[in-house]
Number of protein chains: 2
Amino acid sequence: MRLEYRLSERKKAILNAVIRDYITYGEPLGSRTIVQRHGFTLSPATIRNEMAELEEAGLLLQPHTSAGRVPSDKGYRFFVDHLMGAYVPSQEELIFIRRLEQTSRAIDAILSQATRILAEATQSVALAETPRLRRNHLQELHFQYLDPFSLVLSLIYRNGLRRQSVLKLSHSIYDGVLDLLSNYLNTQLRTTNSLDELFHRTVTLPLEQEVQKYRAIVMEMVSEIYAQAQRDERVYLTGTSYLLREPEFQSMEQAYPILSFLDQEHFVRQLFHSASHGVQIEGTHHVYCLIGYENTHEELQHCSLVATPYFIEDKASGMIGVLGPTRMDYSKVTAILQTVASNISLTMSKLF
Amino acid sequence: MRLEYRLSERKKAILNAVIRDYITYGEPLGSRTIVQRHGFTLSPATIRNEMAELEEAGLLLQPHTSAGRVPSDKGYRFFVDHLMGAYVPSQEELIFIRRLEQTSRAIDAILSQATRILAEATQSVALAETPRLRRNHLQELHFQYLDPFSLVLSLIYRNGLRRQSVLKLSHSIYDGVLDLLSNYLNTQLRTTNSLDELFHRTVTLPLEQEVQKYRAIVMEMVSEIYAQAQRDERVYLTGTSYLLREPEFQSMEQAYPILSFLDQEHFVRQLFHSASHGVQIEGTHHVYCLIGYENTHEELQHCSLVATPYFIEDKASGMIGVLGPTRMDYSKVTAILQTVASNISLTMSKLF
DNA sequence: ATTGGCACTCTGATTTGGGAAGTGCTAAAA
DNA sequence: TTTTAGCACTTCCCAAATCAGAGTGCCAAT
């Protein structure tokens with residue numbers, strides 16, 4: 001996906017100028033404006049020639065014959081890969097983001113607050129997923145007898161994440177059997193990476209001899225654990241209205257498909273999945289970027305996504321990201337996203 | 001809020017015709033069209049005279065001098081109170097709604113699924129709040145010792161609702177003390193209705209003699225219980241994109257304020273609160289309706305809300321509703337909402 | 001290699017001139 | 001007294017016409 005072009009320094013400077021101005025003003029850029037605003041010691045005619053070549057290379061576009069130039073998706077890609085520098089968040093922004101640490105101390109509350117902060121700081125749509133309870137590396141299952149029909153279940157993950165909950169069963173279970181089953185499941189875990197695998201293996205493969213007679217109970221336990229995890233995997237999304245302020249989404253034909261897409265949680269999940277196949281932004285710690293046509297979902301052809309995982313005890317646990325028009329301020333968004341994500345990681349790691 | 005007018009049967013018939021047609025077609029109605037479509041044995045001129053009077057009464061509006069008539073908010077109100085009959089959902093609709101019962105068995109999953117069904121069935125925005133854990137009538141707190149720093153907490157509500165969770169404390173606590181504090185809190189509950197009251201009382205009033213020395217622990221327990229409840233009170237909202245299909249929200253000036261409003265969870269909460277102060281729709285079991293200007297939030301001046309509580313063991317526990325343009329099909333929405341709500345009540349009551 | 005000059009293109013805002021739809025009013029009819 | 005036909009009038013909406021502005025591409029001169 002990454003683009004390699006041999007561009008003269010001058011072409012780079014011009015491309016850079018066009019993209020920066022377009023991001024700022026949202027209007028096609030003409031040769032004269034470029035010269036004036038960036039103090040090139042060249043005439044507009046020269047710029048025009050250069051821009052014509054940049055267009056031939058597919059980095060710029062002309063909305064129509066007599067309009068100025070606009071960056072193409074490839075142009076943005078080149079910009080993100082080679083031209084944009086690192087943005088340094090202002091003191092105010094840092095203070096604003098840091099409000100996260102002071103607030104609530106539950107994973108859900110942190111993510112909910114984080115998306116809110118992220119959306120406001122970037123004036124874009126912010127999205128986050130809770131830790132992938134079914135996919136993350138699970139280390140241990142721990143059960144504690146409560147009454148014949150209920151257990152206290154503790155899930156202990158490699159990244160230190162722990163979930164405790166009460167597990168209700170329709171079969172009664174005795175303390176001795178519980179130990180047996182607990183041992184069995186934890187043995188299974190040694191060759192299994194995640195709840196997902198444990199669940200599918202239990203459902204599809206025959207059980208070992210020793211627990212054969214408790215088949216129904218094992219099934220119910222695993223299914224119930226899996227269902228609980230699934231329920232607790234949520235998506236947080238906020239800031240859709242910021243999208244509607246952008247000039248490119250003023251008409252409903254443009255805005256509708258996107259809002260409709262975002263209204264469907266499973267699409268948003270897929271989005272996070274595809275994000276990790278995006279191109280990593282240079283100089284960042286796992287910040288990924290998908291620009292316009294790089295999005296597999298057609299509805300998002302005019303959007304870009306910047307996303308990054310947050311870490312619990314240095315293990316990637318879930319993702320958080322920003323969705324905006326392709327004409328977004330990539331540099332700023334990247335920096336703010338990174339800051340927010342590392343704040344999440346920090347705050348969450350403190351929980352354990 | 002309810003309107004009492006002395007209207008001749010003929011005026012009612014005309015008003016009825018105008019509103020029904022406007023709901024269906026979304027365009028101002030002229031006298032000629034009314035006569036044709038509804039087979040009145042009157043000339044357009046007569047209809048015109050009648051409509052002029054209905055306009056004087058504030059029930060109809062004219063967008064401009066030579067346009068047809070459109071219902072005013074008062075017109076809709078009169079329609080909802082006196083004219084619209086009960087809608088009987090079709091077999092397909094009932095089957096569609098009934099899918100709710102088959103799916104998951106956790107409160108959150110039920111509400112999430114219910115909003116989805118409701119939004120699709122009404123082609124409008126659907127919203128739901130989880131049971132009001134802080135406000136509902138709390139009957140008993142039950143603690144079970146787990147380890148020095150954690151307890152299993154059971155909240156038992158009057159409506160049969162039970163929440164179990166693990167409560168982590170920073171103070172260690174011993175079994176004996178736990179009994180004492182548990183007794184104390186449950187005694188408090190006898191003169192207290194809700195978690196909300198319990199929390200505020202604990203924070204503001206001095207503690208009784210007996211538990212004075214455990215002040216810090218009591219504080220932490222109550223705060224943590226309260227915080228957990230707060231976190232578990234969620235709002236589900238889906239179907240915003242349907243709103244954007246309505247002709248009245250084609251332009252961003254119209255749509256933006258509403259979407260921006262809905263993006264803020266606390267506003268949606270307020271919305272539910274104001275809903276219960278709306279007018280109850282005749283012939284329904286607690287279905288409330290707010291039309292256009294009756295909404296206290298300015299952003300919703302062109303929207304109507306129909307909302308109803310769902311019941312767990314016959315106790316109202318939270319609300320679910322539909323938001324649409326004032327030009328919504330009130331009769332249909334009311335019927336479907338009612339069906340969905342009673343399905344929720346049924347499904348939830350089965351959980352306990 | 002760069003630039004000034006110029007003809008050309010396309011957009012977007014504004015104006016103009018009909019229909020079309022629908023009203024209110026008046027006077028006649030029932 | 002109520003209803004209706006007739007007619008003048010209002011307003012919107014659409015399409016066509018016009019025009020200024022912005023920007024281009026290309027050519028010939030520097």
Side-chain angles (χ1 to χ4, degrees), chain A residues 6-15 17-19 21-22 24-72 75 247-248 250-251 253-254, chain B residues 6-15 17-19 21-22 24-72 75 247-248 250-251:
Chain A
R6 297 275 166 92
L7 291 189
S8 67
E9 287 308 313
R10 193 168 75 181
K11 279 211 180 59
K12 284 188 196 170
I14 291 171
L15 182 60
V18 171
I19 297 185
D21 279 15
Y22 189 64
T24 310
Y25 303 103
E27 276 167 10
L29 278 300
S31 50
R32 171 189 304 253
T33 324
I34 295 287
V35 172
Q36 283 174 351
R37 273 216 277 259
H38 293 82
F40 283 100
T41 54
L42 289 168
S43 78
T46 313
I47 304 284
R48 277 204 290 281
N49 290 330
E50 292 285 57
M51 292 208 293
E53 287 177 39
L54 284 168
E55 186 172 353
E56 225 162 309
L59 296 166
L60 290 181
L61 287 177
Q62 237 178 335
H64 57 85
T65 346
S66 78
R69 254 54 173 229
V70 156
S72 70
E248 41 268 80
Q250 279 308 300
S251 95
E253 291 94 67
Q254 315 294 318
Chain B
R6 300 275 166 89
L7 291 188
S8 66
E9 286 310 311
R10 194 170 73 182
K11 278 211 179 58
K12 284 188 196 170
I14 292 171
L15 181 61
V18 171
I19 296 185
D21 279 14
Y22 188 64
T24 310
Y25 303 104
E27 276 167 10
L29 280 299
S31 50
R32 171 188 306 252
T33 323
I34 295 287
V35 172
Q36 283 174 352
R37 272 215 278 260
H38 294 82
F40 282 100
T41 55
L42 288 169
S43 78
T46 312
I47 303 284
R48 275 205 290 282
N49 290 330
E50 291 285 56
M51 291 208 293
E53 286 178 40
L54 283 168
E55 185 172 353
E56 226 163 307
L59 296 164
L60 290 180
L61 287 178
Q62 237 177 335
H64 57 85
T65 345
S66 79
R69 258 44 174 237
V70 156
S72 70
E248 42 269 78
Q250 280 307 302
S251 95

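Please read these numbers as outputs of a predicted model, since none were measured by experiment. Reminder, nothing fancy here: chain letters follow the sequence lines and each chain counts from 1.
- Across the protein-nucleic acid pair, B/Leu42 atom CG and D/dA5 atom C1' stand 15 Å apart, rounded to whole Å.
- Listed nucleotides C/dC10, C/dG24, C/dT3 differ in distance to B/Arg48; the shortest reach to its side chain belongs to C/dG24.
- Residue A/Gln62 has its side chain nearest to D/dG25 when only D/dG25, C/dT3, D/dT10 are considered.
- Look at A/Arg10 and you'll find a side-chain N or O under 4.0 angstrom from OP1 or OP2 of C/dT2.
- In this entry the distance linking CD1 of B/Ile47 with C1' of C/dA21 reads 17 Å, nearest Å.
- Annotation for A/Tyr22 and A/Pro71: closest pair CD2-CD, 3.3 Å, computed over non-hydrogen atoms.
- Residues B/Leu60 and B/Glu55 approach most closely at O-CG, 3.5 Å, considering heavy atoms.
- In this structure, A/Thr65 and B/Pro63 both approach DNA chain D, and ranking their closest nucleotides by distance from the 5' end singles out B/Pro63.
- Using a 4.5 Å cut-off on side-chain heavy atoms (C-beta onward), B/Met51 and B/Ile47 make contact.
- Taking only side-chain atoms of A/Arg69, from C-beta outward, the nucleotide of D/dT24, C/dT23, D/dA5 with the closest atom is D/dT24.
- A/Met51 has its CE atom 15 Å from the C1' atom of C/dT3, to the nearest Å.
- Protein atom CD of B/Glu27 is 16 Å distant from nucleotide atom C1' of D/dT11, rounded to whole Å.
- Along DNA chain D, the nucleotide closest to B/Asn49 and the one closest to A/Ala67 are compared, and the more 5′ of them pairs with B/Asn49.
- Two residues are said to be in side-chain contact when any heavy atoms from C-beta on lie closer than 4.5 Å; B/Leu54 and B/Val18 fail this criterion.
- The CZ-C1' distance, from B/Arg37 to C/dA21, rounds to 14 Å in whole Å.
- With a 4.5 Å cut-off on side-chain heavy atoms, B/Arg10 and B/Leu42 count as touching.
- The NE2 atom of A/His64 sits 5 Å away from the P atom of C/dT11 (whole-angstrom rounding).
- In this entry the distance linking CD of A/Glu55 with P of D/dT24 reads 10 Å, nearest Å.
- Listed nucleotides C/dG24, D/dT10, C/dT2 differ in distance to B/Ser66; the shortest reach to its side chain belongs to D/dT10.
- For the OP1/OP2 pair of D/dT4 and a distance below 4.0 Å, the side-chain nitrogens and oxygens of B/Thr46 include at least one atom meeting the criterion.
- Atom CD of A/Glu53 is separated from atom P of D/dT24 by 15 Å (rounded to the nearest Å).
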